Each structure stands twice: as structure tokens, then as C-alpha cells.
> 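Got a structure for you, written out below as C-alpha cells; questions coming shortly.
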Amino acid sequence: MKQALANLLSQALQNLVADGTLVEDPKVTPQIDHTKDPSHGDLATNLAMVLAKHAKMSPRDLAARILLAIPENAIVEKTDIAGPGFINFFITQASNTQAVNDIFAAGRRYGYTDIGQGKRVQVEFVSANPTGPLHVGHGRGAAIGDALCRLLKATGWHVHSEFYYNDAGQQITNLALSVQARALGLTPDDAEWPEDGYRGEYITDLAQAYLNKETVSAADRSLSAGGDPHNLDDIQEFAVAWLRREQDADLQAFAVQFDEYFLESSLYAGHDVETTVERLTANGHTYEQDGALWLRSTDFGDDKDRVMRKREGGYTYFVPDVAYHLNKWQRGFERVINEQGADHHSTITRVRAGLQGLDTGIPEGWPEYVLHQMVTVMRDGTEVKLSKRAGSYVTLRDLIDWVGRDATRFFLTARAATSQLTFDIDLALSQSNENPVYYIQYAHARVCSVKRKALDLGEDWQPQAGLAHLDMLKEPEARSLALILGRFPEVVSGAAERLEPHDIANYLREVASEFHSFYNALKLIDSDDQALSLARLALAEATRQVLENGLDLLGVSAPESM
RNA sequence: GCGCCCGUAGCUCAGCUGGAUAGAGUACCUGACUACGAAUCAGGCGGUCGCACGUUCGAAUCGUGCCGGGCGCGCCA
């Protein structure tokens with residue numbers, strides 16, 4: 001719709017250039033927006049105001065000239081010049097209800113576009129260390145990251161989702177030491193307990209499983225415990241596999257899947273880390289000082305240089321990170337998007353600096369980042385900070401157990417990632433009008449119910465039959481519902497472009513709201529007027545389809561009954 | 001001290017690539033079920049958009065400086 005209008009306007013401009021009103025195509029980007037106020041029409045543009053200076057005319061005069069230059073068409077019913085020079089467009093009935101036809105034609109793929117043209121994008125998210133259950137922050141990352149993948153797929157990108165597994169380094173050693181301590185009968189209160197040890201209840205379960213010589217099967221491996229509390233390497237290998245299984249189960253409960261789990265240890269095994277360091281050194285971006293090897297990251301915008309190889313010989317954490325991203329680059333991804341918690345913000349400059357230092361033609365802004373702020377969990381008006389299982393934090397599993405997968409997903413994606421999030425357990429639990437998830441799902445279930453009811457009247461009460469009578473949808477409630485359904489493709493492509501899934505959540509609430517108003521104002525099934533009923537049923541079914549498609553982008557189910 | 005994010009209705013948040021009278025939910029108040037699902041709808045109340053300058057036809061939106069909150073500033077990850 002917007003696009004069609006934009007085409008008309010650009011033809012109008014060409015006409016004005018041709019007749020000398022305008023000199024040539026000026027470099028301005030006029031906007032076409034949906035109006036807030038129905039008296040302003042359905043769509044409006046600021047074109048005349050933007051061009052006024054260039055044309056040396058007043059915005060309102062120019063607007064009048066533009067309107068005269070618009071070619072004959074079947075879209076615009078009438079126009080208006082308003083305020084300082086806005087051009088308002090009232091679109092025709094047929095043009096408005098065309099969305100319903102489009103929705104029936106495209107079905108499950110309505111809203112999808114081919115903007116990405118099949119180009120490859122890699123999305124990395126969650127990437128939790130295998131040292132404990134996933135917490136609510138990982139949950140937010142999982143919900144947003146997965147929604148991003150779905151949005152990118154819907155806009156024609158070839159998406160590869162990935163979970164980076166930090167199965168090397170100090171924190172894994174601490175994990176192994178903690179499990180070993182438990183296996184040897186120590187508790188976190190003992191003086192001999194490892195200094196940076198993990199204290200959650202799961203450590204106890206893990207130690208017990210190890211002593212019982214249990215076998216764990218995770219996505220990529222199956223491993224049996226040796227059961228020897230003095231074999232630290234064996235404990236470590238078992239602990240990582242066990243926690244991986246634990247995290248897999250959490251992600252499965254959240255319906256999040258990854259195309260690939262990438263192991264940090266593979267970067268050491270494959271010498272990627274060494275190669276990365278060698279290349280940075282060969283390119284002259286490193287120096288030795290105080291027994292350590294430094295990256296001159298200040299050459300690439302960092303506020304200080306960073307140690308790469310510590311005095312004791314090990315690499316700092318960001319070195320394998322750079323190696324990992326070089327690996328991503330070599331795999332040929334057009335774009336790479338990393339979804340992470342904002343507390344890791346400082347790594348961005350470091351990783352990009354390392355990549356620039358490799359001199360392999362990686363663009364400066366590569367990879368892209370989506371950072372999410374912290375999540376606070378509230379219940380009964382107070383903050384929930386602890387879980388039994390993990391000890392010091394609320395887990396993703398806790399949220400799912402408390403409020404269910406759909407509500408968890410929705411609440412975690414409904415807010416802008418840049419805003420801190422307060423997760424209100426009581427609100428998410430309420431099965432009433434307070435809960436936005438149910439509000440949207442209810443609209444979907446309601447359509448399903450009405451369709452069932454209509455079919456009770458006979459086989460000829462299929463919504464599709466209403467497509468022949470769409471011209472009967474004249475009431476304002478029907479009009480504005482059709483109008484918002486027609487916006488869905490723009491909403492999806494906009495959300496994907498800005499990497500902001502919460503746009504979808506807001507849009508779906510509006511759709512549900514328009515539908516409920518429509519439903520309450522008009523009777524959908526009237527056996528005395530089948531044609532009109534069918535037209536309304538078709539509009540309802542189109543609404544259902546948009547709700548289903550939109551909820552799916554957020555990973556939320558669209559129930560046929562509740 | 002430096003960097004990033006945030007500050008909009010009592011509460012939770014949209015709007016932020018500048019546009020018309022700043023929106024939604026919730027809370028509170030009035031109404032609507034012998035109709036297809038009232039988990040709904042219609043209406044009302046509620047705001048110096050943190051503050052101050054600036055940019056311009058026009059600023060919640062852009063710039064600068066303050067104030068307040070969060071996160072990060074390690075040879076931890």
C-alpha cells in the first residue's frame with residue numbers, strides 16, 4: 001500500500017520536473033506514514049514540506065501542484081491538504097480490502113519478503129558458559145535471538161544460528177574443582193572449598209552423577225563418568241557434558257534450537273588461536289611488555305591496549321573470540337549478528353579491533369551487535385533474586401515453570417532490548433485482561449471459534465467464500481481492521497531491518513485490539529445475510545492468519561481454543 | 001573519572017532516521033452479556049516527555065551541558 005503510493009508520488013514528481021515546476025530530483029527522503037487520526041486520512045506524506053524550499057513555493061501551494069500531477073489510479077479515493085502542508089490520502093475500499101485477498105493467497109507466508117535475497121547471516125546468541133543452568137538474562141537473549149532468526153528468515157535471509165560454547169578456560173577449571181570438592185564430601189562452607197567455586201545445588205547433583213558413573217547424552221556427544229574423584233580431567237569433561245545436557249533441556253523447553261554449537265576448545269585444537277596471534281604479530285599490531293604480549297587496540301579506537309597472552313602463558317578470553325570471528329568471516333557470512341547481554345559491551349571494541357588488525361578486509365562495523373539490558377524478576381511487589389537450583393540467580397527454567405513458555409517468550413521479546421526489563425510474574429500468570437499474551441491469543445482463538453460456529457450452518461459457510469463480497473466491508477471497524485492487516489509486511493520488514501522484535505509484539509496487540517472492537521461492534525454470523533457474513537468471516541480469518549504469522553515470529557503459539 | 005544504556009501518565013512501557021492535539025496496557029470511575037467465547041467492548045480520569053540552553057517553519061525525537069538510575073571499565077570470562 002505504502003509502496004504503491006510512493007510510486008504514484010514519484011511519478012507526480014517526474015511530471016513536475018517535466019513541466020518545469022521543479023528543477024531536478026532533489027536529494028530528500030519524504031516520508032509516507034499511517035495517520036493516527038482518521039480525519040487525516042489513511043496515509044499522509046510530508047513531501048510538500050520537505051520540497052518547499054527547493055521549489056521556492058509555500059508547502060501548501062506545492063502540495064496542490066503535486067496533487068494535480070498524480071496520475072489516474074485506483075488507490076486514492078480522495079486527498080486533502082492539511083496543517084502546515086501535509087498531504088492526506090484516503091484510500092479506496094477496494095484497495096484497502098485487497099490485503100484480505102493477499103492474506104488468503106499467501107497464507108502462512110503472508111508478511112514474508114525477499115529483502116535478504118538468500119544472503120547468509122549468522123546469528124550468535126545465548127552462548128552461556130557451561131558452568132550452570134541458564135539464567136533469566138540468557139532467557140532474554142534466547143527469546144530475542146530466536147525472534148531475530150525468525151524475522152531474518154521471514155525477510156529472505158539464509159540464517160545460521162549458533163551457540164558459542166566456552167568449554168575452555170579458567171571458569172571450566174573452577175567448575176571441575178567445585179564438582180570434585182562436592183564429590184570428596186566438602187560443602188561450600190568448608191575452608192577447603194575452592195576459592196571461586198560454584199555453590200548451586202546442581203553442583204551436588206553433578207557430583208553425585210559423577211560418582212554414580214552415569215552416562216549423559218547431549219546434542220553432540222555421549223559420555224560416561226569414570227567415577228574417580230581424583231581424576232580432575234575426567235570430572236571436567238563429564239561436568240561440561242552434564243551441564244550442556246541441562247542447558248539443552250532448558251532451551252528445548254523454551255523451543256529454541258540452534259543450527260550449530262561451536263566449541264571454544266576447537267579453536268585451540270585447530271590452532272586457530274595461535275594463527276590469529278601470529279597474524280596480528282606479523283601485521284605489526286602487537287608488542288611485548290612486562291612479559292606479556294599486547295594488542296595495540298588503541299590503533300582501532302580502543303581506549304587502551306589489551307593483553308593477549310598473559311605472563312603465565314595463557315591467552316586472555318578475547319583472543320579466542322577474535323579467532324572465532326575470523327572463523328565466521330572465513331565461513332563467508334554476509335552479516336554476523338551477536339546477541340548478548342549489555343554487561344559484555346566492552347568486548348565489542350576489542351573483538352572488532354582484533355579483526356581489523358588481521359587486515360583481511362573485514363568491514364569496520366562487522367560483526368553487528370544487539371545488546372540487551374538486565375532483567376529483574378518481580379513477584380508480589382518484591383524482587384526475586386534466588387532459585388533453589390542455581391543458588392544465586394533466577395533461572396530460565398524457573399520462569400517457564402512459573403508462567404509457561406508462551407508468556408515467558410512474549411514478555412522477554414515485547415520490550416526494546418535497550419531497556420531494562422521488569423518481569424512481573426503476577427502479570428504474566430494472570431489469565432485475564434491484564435495479560436497481553438492472552439489478549440492476543442484470545443483474539444486468535446475467538447476467530448477459530450467463530451469459524452467453527454459458521455460451519456455448523458453448512459459447508460457453504462467457508463470464510464474463503466467471502467472474498468467475493470469484500471466490497472460489503474464498509475463499517476469503520478471493518479475498514480480499520482483491514483487497514484492494519486495490510487501493514488503487516490511493512491512491520492515485519494521494518495522489525496527485521498532494525499533488529500527489533502518488540503515491534504511485532506506491539507503490532508500484534510494493535511491487531512488484536514482492532515479485531516476485538518470489530519467483533520463487538522458487528523455480528524459476524526447472520527444467516528439472513530450470508531454474503532455480508534462471509535465477507536466478515538473472511539476478514540476475521542485474515543486476522544487470524546496475521547496473528548498466527550506474527551506470534552510465530554516471536555515463537556509464541558496460536559491456540560485454536562483456550 | 002571514562003565508555004555504553006535508560007529517564008515519557010500512580011505503575012509497566014511504546015513512540016526517538018524531527019512532523020499535525022504525546023499513545024497503549026494497568027490502576028481508578030461509568031456503562032454493555034436471553035447474540036457468534038465478557039480472557040471482550042464503549043467511555044471517563046490521568047503527562048512542565050528528568051532539567052537547561054541550542055539547531056529550525058516545526059523537538060519526546062537532533063546537539064551541548066547538567067541531574068538521577070543501571071551496566072562496564074582485570075595479565076577474570
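Given the structure is predicted, the values throughout are model-derived calculations rather than measurements. Just so we're on the same page: letters track the sequence lines, and every chain starts at 1.
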> Counting primed atoms plus P, OP1 and OP2 as sugar-phosphate and everything else as base, spell out the protein contacts along nucleotides 7-14 of chain B at 4.0 Å heavy-atom distance: B, S or - for each nucleotide, 5' to 3'.
-----BSS
> Within a strict 4.5 Å, meaning less than it, do heavy atoms of the A/Q373 and A/L421 side chains meet?
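Of all side-chain heavy-atom pairs linking A/L421 with A/Q373, none is under 4.5 Å.
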> Consider the side chain of A/N520, meaning its heavy atoms from C-beta on, and name the nucleotide among B/C76, B/G25, B/C41 that approaches it most closely.
B/C41
> Rounded to the nearest 0.5 Å, what's the gap from OG1 on A/T316 to CG on A/D321? Could you check?
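Going from OG1 on A/T316 over to CG on A/D321, the span is 10.0 Å.
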> Could you work out which one of B/A77, B/G37, B/C4 sits closest to the side chain of A/M562?
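Looking only at heavy atoms from C-beta outward on A/M562, the closest nucleotide is B/G37.
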> Which is true for A/A445 with a 4.0 Å heavy-atom rule: it touches a base, it touches only sugar-phosphate, or it touches nothing?
base
> Give the dot-bracket string for RNA chain B, reading 5' to 3', where a pair is Watson-Crick or G-U wobble with both distances under 3.5 Å, ( ) marks pairs inside the strand, [ ] marks pairs crossing earlier ones, | marks a partner on another strand, and . marks unpaired.
(((((((..((((.....[...)))).(((((.......))))).....(((((..]....))))))))))))....
> It should be established whether A/K304 places a side-chain nitrogen or oxygen under 4.0 Å from OP1 or OP2 of nucleotide B/G74.
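True: A/K304 side-chain N/O within range (under 4.0 Å) of B/G74 OP1/OP2.
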> Hey, does A/H516 reach any base, or is it just sugar-phosphate, or nothing, if we go heavy atoms under 4.0 Å?
sugar-phosphate
> Which residue lies toward the 5' end of RNA chain B, A/R350 or A/R306, if each is placed at its nearest nucleotide?
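The 5'-side residue here is A/R306.
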> With no angle test and no hydrogens, is the base of B/G19 tied to the side chain of A/N46 by a donor-acceptor pair under 3.5 Å?
yes
> Could you check whether A/H372 and A/E339, counting side-chain N and O atoms only, form a donor-acceptor pair closer than 3.5 Å?
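A donor-acceptor contact under 3.5 Å links the two side chains.
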> So which nucleotide from B/C75, B/G70, B/G19 ends up closest to the side chain of A/R311?
B/C75
> Ring of A/F410, cation from A/R405 - is the NZ or CZ under 6.0 Å from the centre and inside 45° of the axis?
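No cation-pi geometry.
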> Across the strands shown, which category fits A/D290 at heavy-atom distances under 4.0 angstrom: base, sugar-phosphate, nothing?
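Answer is base: heavy atoms of A/D290 come under 4.0 Å of a base.
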> Would you kindly give the OH-to-C1' distance between A/Y439 and B/A39, to the nearest whole Å?
11 Å
> Over all heavy atoms of both residues, which pair between A/S265 and A/D167 is shortest? Give the atoms and the distance, please.
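Taking A/S265 first and A/D167 second, the nearest heavy atoms are OG-OD2, 2.6 Å.
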> Identify whether any heavy atom of A/M374 sits under 4.0 Å from a base atom; if not, whether one sits that close to sugar-phosphate; answer base, sugar-phosphate or nothing.
sugar-phosphate
> Side chain of A/H345, heavy atoms from C-beta onward: which of B/C36, B/C4, B/A77 has the nearest atom to it?
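Ranking B/C36, B/C4, B/A77 by closest atom to the A/H345 side chain puts B/C4 first.
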> In whole angstroms, how far is the C1' atom of B/A24 from the CD atom of A/E510?
9 Å
> Between A/L295 (CG) and B/C75 (C1'), how many Å, whole number?
14 Å
> Is there side-chain contact between A/F86 and A/M49, with at least one heavy-atom pair below 4.5 Å?
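Touching, per the 4.5 Å side-chain cut-off.
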> Once you apply a heavy-atom cut-off of 4.0 Å, does A/K523 come out as touching a base, just sugar-phosphate, or nothing?
base
> Less than 4.0 angstrom between a side-chain N/O of A/S517 and OP1 or OP2 of B/A42, yes or no?
yes
> Atom OH of A/Y287 and atom C1' of B/C75: how far apart are they, to the nearest Å?
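Computing the A/Y287:OH to B/C75:C1' distance gives 12 Å.
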> Ignoring hydrogens and angles, are the base of B/A20 and the side chain of A/N88 linked by a donor-acceptor pair under 3.5 Å?
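When only heavy-atom distances are counted, A/N88 does reach the base of B/A20 through a donor-acceptor pair under 3.5 Å.
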> Nearest to the side chain of A/A82, heavy atoms from C-beta on, is which of B/A38, B/A77, B/A20?
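Taking heavy atoms from C-beta onward, the closest nucleotide is B/A20.
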> Would you mind telling me which of B/A77, B/A20, B/C36 lies closest to the side-chain atoms of A/K453?
B/C36
> If only side-chain N and O atoms of A/S346 are considered, is one of them under 4.0 Å from the OP1 or OP2 phosphate oxygen of B/G72?
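The answer is no; no side-chain N or O of A/S346 sits under 4.0 Å from OP1 or OP2.
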> Under the ring-ring contact (aromatic ring centres under 6.0 Å, His included) test, which residues partner A/Y202, sequence neighbours left out?
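With sequence neighbours excluded, A/Y202 shows a ring-ring contact (aromatic ring centres under 6.0 Å, His included) to no residue whatsoever.
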> Just compare B/A77, B/C41, B/G19 and give me whichever is closest to any side-chain atom of A/F86.
B/G19
> For residues A/E490 and A/Y507, is any side-chain donor paired with an opposing acceptor at under 3.5 Å?
no
> Output the rounded distance in Å from CG (A/N129) to P (B/A77).
10 Å
> From C-beta outward on A/R498, which listed nucleotide comes closest to its side chain: B/U17, B/G72, B/G19?
B/U17
> Nearest-Å distance, CZ (A/F318) to P (B/C75)?
10 Å
> In whole Å, I'd like the distance from the CD atom of A/Q171 to the P atom of B/A77.
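One finds 7 Å between P of B/A77 and CD of A/Q171, rounded.
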> Rounded off to whole Å, could you give me the CG-to-C1' distance for the A/D321 and B/A77 pair?
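To the nearest whole Å, that distance equals 10 Å.
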> Of the nucleotides B/A20, B/G72, B/U40, which has the atom closest to the A/R446 side chain?
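Minimum distance to the A/R446 side chain belongs to B/U40.
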> How is A/L522 classified with respect to the nucleic acid when contacts are heavy atoms under 4.0 Å: base, sugar-phosphate, or nothing?
base
> Indicate whether the side chain of A/Q31 and that of A/N46 have a donor and an acceptor atom separated by less than 3.5 Å.
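Looking only at side-chain atoms, A/N46 and A/Q31 do not form any donor-acceptor pair under 3.5 Å.
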> When you match A/T45 and A/E264 each to their closest nucleotide on RNA chain B, which lands nearer the 5' end?
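Its nearest nucleotide being more 5', the pick is A/T45.
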> Between the base of B/A39 and the side chain of A/Y438, is there any donor-acceptor pair under 3.5 Å?
no
> Under 4.0 Å, heavy atoms only, any strand: does A/Y519 hit a base, just the sugar-phosphate, or nothing?
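Result for A/Y519 = base.
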> Which nucleotide, B/C75, B/C41, B/A38, lies nearest any side-chain atom of A/Y442?
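Shortest atom-to-atom distance from the side chain points to B/A38.
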> Any chance the side chains of A/Q530 and A/S527 put a donor and an acceptor closer than 3.5 Å?
no
